Each structure stands twice: as structure tokens, then as C-alpha cells.
Amino acid sequence: MAKLRIATFNINGIRSRLAALLQWLEREVPDVVCLQELKAVDSAFPVEPLRDAGYHAIWQGQSAWNGVAILAKSAEPVERRRGLPGFEQDMHSRYLEAEVGGVVIACLYLPNGNPQPGPKFDYKLAWFDHLLAHAAKLYTSAQPVVIAGDFNVVPTDEDIYNPRSWLKDALLQPESRERYRKLLEQGWTDALRTYFGDERVYTFWDYFRRHWDTNSGLRIDHLLLSADLAPRLRAAGVDRWVRGEPHASDHAPTWIELEMGAGRKKKSA
DNA sequence: ATGACTTCCTTAGGAAGA
């Protein structure tokens with residue numbers, strides 16, 4: 001494949017949203033998909049409908065909350081790890097890492113952190129610190145890497161319709177933003193921001209106050225590229241039509257397209 | 001503003017999301 005399309009989608013319940021997921025896969029045909037908020041135990045993961053749709057999958061579920069999965073078309077994702085290193089006491093299903101077609105895919109669901117201050121915000125920052133440590137190793141691993149997921153961070157005030165009513169929210173706190181900035185300082189490219197420049201782009205619209213109807217959104221779903229992948233970025237976008245469907249998730253699928261054709265290594269040395 | 005919506009787990013209302 002010359003073009004590689006990688007998407008991240010917080011589905012907000014894979015059982016209640018399976019039809020929407022299958023419709024999106026059929027219409028947009030992403031090569032790799034990172035899913036978050038499965039809200040389902042492992043045994044409830046819809047293996048067969050996804051296989052019928054042409055997707056292999058690995059997943060890490062749990063009852064009622066959290067849960068992440070990596071889907072891949074025409075290739076079996078080869079799992080590298082589940083959970084962040086050094087954070088074995090973390091009981092939430094929030095991190096899954098696999099290799100797909102020579103690219104390392106890190107799928108994450110970073111804790112929301114509300115209310116703040118408090119133990120949930122402390123957990124968010126601790127989770128973020130473990131991610132920073134692991135991401136630093138990934139970045140220098142000499143492998144192409146994409147870190148994709150729901151980061152639950154609005155990086156700047158340009159990534160929200162109006163920060164005023166969100167100033168006390170965990171997503172906008174300086175501690176959250178500082179860690180996201182530290183991540184980028186490791187060298188990662190924020191693909192959506194790089195592709196869109198100054199243009200506004202949102203990936204989440206909450207269910208309250210007609211926020212979808214008024215395009216009052218937040219950019220919290222991110223795809224980060226390692227140094228060797230950044231020059232391969234050809235396109236990026238948000239599949240807003242999915243958010244406009246009846247009974248939609250509050251997030252929309254967010255994707256990038258990488259040109260993988262040129263510079264491909266030959267099999268023999 | 002302990003708000004608003006929505007799903008999950010369980011069957012009336014709480015927890016959690018962001």
C-alpha cells in the first residue's frame with residue numbers, strides 16, 4: 001500500500017455504536033483504527049462483525065468504562081504491549097500498542113481528570129507522566145511510530161470554541177497542557193495542527209447546550225508522528241458526518257494519511 | 001450552576017464522561 005490512513009475514534013460504547021462503526025468503516029475504509037471507550041468486557045468485543053467488515057483487531061476491554069482497541073485492514077496487528085511500563089498498578093484499560101505493516105501504533109485513552117483538583121486529576125497527571133517516559137523511548141526507538149487517541153487535553157485556546165466556560169475543566173489546566181507541550185518537545189509532530197495550520201479544527205462536541213448544532217467543539221483527539229513519519233503526512237481530517245448521525249458518539253473519527261511508498265526498504269540486504 | 005445529555009449497569013438511580 002502506498003497510502004496509509006490511520007484514524008482514532010472515541011466511540012463511547014462499542015455495543016451501542018456498532019452499526020455506526022461499521023457504517024463508518026465501510027464508507028471511509030481506514031487502514032488502521034484506534035478505538036477508545038469501548039465500555040465493554042473483552043468477551044463482548046464484536047470480533048465477527050469486524051472480521052466480516054475486513055478488519056483484524058486486538059482489544060483491551062473492561063466492564064462499563066474505558067477500553068481500547070486497534071483495528072487493521074488486511075493485516076493482523078502484532079501486539080507489543082498493553083498498559084504503560086512502570087504503571088502496572090493501573091487498573092484501567094487505556095493503552096494498547098501494536099505493530100501494523102512496519103509502523104508502531106500506540107492507542108491511548110488518557111484519563112479525563114475531572115473534577116480537579118482531586119484524586120482523579122492526580123491520576124490523570126500520573127498517567128501522563130508515565131506516557132511521557134514511554135513516549136521518549138518510542139521516539140528514539142528508530143522505528144516509525146504513531147501515537148493516536150483521546151488525550152483529553154485541549155492543547156491551546158485555539159483548540160476550543162471558547163475557553164471561558166471550561167477554565168476550571170481538567171482538559172484546559174496548565175498542568176495538562178504543560179505535559180502535552182512536553183510531549184511535543186520530545187520531537188513528535190501534532191499531525192492535525194501541522195496540517196491545518198491556523199484553521200480551527202474540532203474532534204469533540206459535548207451533548208449539552210446544542211454544542212454540535214452551534215459547532216462549539218474541542219480538539220482533544222490527537223495523532224502524533226515520529227520524525228521519520230512527519231515528512232510523509234499528506235492529508236488529515238475529521239469525519240464530522242459521523243458526529244451528525246442520530247445517536248452519535250460525542251467524538252468524531254479523526255484521521256491522517258501517510259505516503260509510505262517512497263523510501264520503502266527492500267527485503268534483501 | 002451539585003446544571004445541561006448520554007451510556008452503562010441494572011431495572012430507579014448512581015457513576016462517569018468532558
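This is a predicted model, so every value here is computed, not measured. To find a chain, count down the sequence lines: A is the first, B the second, and so on, and within it residues start at 1.
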Between A:Ala40 and A:Asn114, whichever has its closest DNA chain B nucleotide further toward 5' is A:Ala40
Expected list for residues 148-159 of chain A near DNA chain B, using heavy atoms below 4.0 Å, is A:Asp150, A:Asn152
A:Arg210 meets the salt bridge (Lys or Arg N to Asp or Glu O under 4.0 Å) criterion, sequence neighbours left out, with A:Asp213
Original post:
Is the gap between the ring centers of A:His211 and A:Tyr161 under 6.0 Å?
Top reply: yes
| Check: A:Phe9 ring centroid to A:Trp24 ring centroid under 6.0 Å | yes
Inset, instruction - Using the rule that two of Ile, Leu, Val, Met, Phe, Trp, Tyr join whenever any of their side-chain heavy atoms come within less than 4.5 Å, decide whether A:Leu192 and A:Leu229 are in one cluster. - result: yes
Taking the P atom in each of B:dG14 and B:dA4, what is the distance between them to the nearest angstrom? 13 Å
B:dT11 glycosidic conformation (syn if within 90° of 0, otherwise anti) is syn
Salt bridge (Lys or Arg N to Asp or Glu O under 4.0 Å) pairs touching residues 145-166 of chain A, sequence neighbours excluded, are A:Asp157-A:Arg177, A:Glu158-A:Arg200, A:Asp159-A:Arg193, A:Asp159-A:Arg219
Between protein and nucleic acid, restricted to nucleotides 1-4 of chain B and to nitrogen or oxygen atoms under 3.5 Å apart, what atom pairs and distances do you find?
residue : atom : partner  : partner atom : Å
B:dA4   : N1   : A:Arg209 : NH1          : 3.2

Residues 43-56 of chain A vs salt bridge (Lys or Arg N to Asp or Glu O under 4.0 Å), sequence neighbours excluded, gives none
Discussion item. Between B:dT11 and B:dA1, how far apart are the two C1' atoms, rounded to whole Å?
Written reply: 30 Å
Q. Does OP1 or OP2 of B:dC8 have a side-chain N or O of A:Asn12 closer than 4.0 Å?
A. no
Sorted by chain and number, sequence neighbours left out, ring-ring contact (aromatic ring centres under 6.0 Å, His included) with A:Phe204 holds for A:His251
With the side chain defined as heavy atoms from C-beta on, A:Phe204 is closest, among B:dT6, B:dC8, B:dA18, to B:dA18
Say we look at B:dA15 and B:dT10: how far apart would their C1' atoms be, to the nearest angstrom? 13 Å
**Prompt:** Is the distance between the ring centroids of A:His92 and A:Tyr109 under 6.0 Å?
**Reply:** no
Assert: residue with more 5' nearest nucleotide on DNA chain B, out of A:Val41 and A:Leu171, is A:Val41
*When you check the phosphate oxygens OP1 and OP2 of B:dC8, does a side-chain N or O of A:Ser63 lie under 4.0 Å from one of them?*
no
Only one of A:Ile220, A:Asp221, A:Leu183 passes side-chain contact (heavy atoms from CB on, under 4.5 Å) with A:Phe151, and that residue is A:Leu183
Here the distance between atom P of B:dC8 and atom CD1 of A:Ile14, to the nearest Å, is 11 Å
Contact string for nucleotides 10-16 of chain B, one letter per nucleotide 5' to 3', B = base within protein heavy-atom range under 4.0 Å, S = sugar-phosphate only, - = neither, reads ------S
note: A:Arg94, atom CZ; B:dG17, atom C1'; distance rounded to Å ~ 10 Å
Practice prompt. Kindly state whether the ring of A:Tyr95 and the ring of A:His130 have centres lying under 6.0 angstrom apart.
Written response: no
Sorted by number, residues from residues 247-256 of chain A placing a heavy atom under 4.0 Å from DNA chain B are A:His251
Grouping ILVMFWY residues whenever side-chain heavy atoms fall under 4.5 Å, the cluster of A:Leu167 otherwise contains none
When rounded to whole Å, the CG to P distance for the pair A:Leu18 and B:dC8 reads 12 Å
Contacts of A:Glu76 meeting salt bridge (Lys or Arg N to Asp or Glu O under 4.0 Å) (sequence neighbours excluded), chain-then-number -> none
In whole angstroms, the gap separating P of B:dA18 from OH of A:Tyr180 amounts to 16 Å
Would you say A:Arg17 reaches B:dC8's phosphate, i.e. side-chain N/O to OP1/OP2 under 4.0 Å? no
- [ ] Inspect the contact between A:Glu259 and A:Arg232 and indicate whether a charged nitrogen and a carboxylate oxygen are less than 4.0 angstrom apart.
- [x] no
From CH2 of A:Trp127 across to C1' of B:dG17 the rounded distance in Å is 16 Å
Cluster membership besides A:Leu125, Ile/Leu/Val/Met/Phe/Trp/Tyr side chains within less than 4.5 angstrom, sorted by chain and number, is A:Phe121
Whole-Å distance, A:Leu21 CG to B:dT7 P, equals 16 Å
Here the distance between atom P of B:dT6 and atom NE2 of A:His211, to the nearest Å, is 13 Å
- Message: Using atom P in both nucleotides, what's the gap between B:dG3 and B:dA16 to the nearest angstrom?
- Response: 14 Å
When rounded to whole Å, the CZ to C1' distance for the pair A:Arg243 and B:dT6 reads 10 Å
Base, sugar-phosphate or nothing for A:Asn66? Non-hydrogen atoms, less than 4.0 Å.
nothing
Applied to residues 86-105 of chain A, the salt bridge (Lys or Arg N to Asp or Glu O under 4.0 Å) test, sequence neighbours excluded, yields A:Arg80-A:Glu97
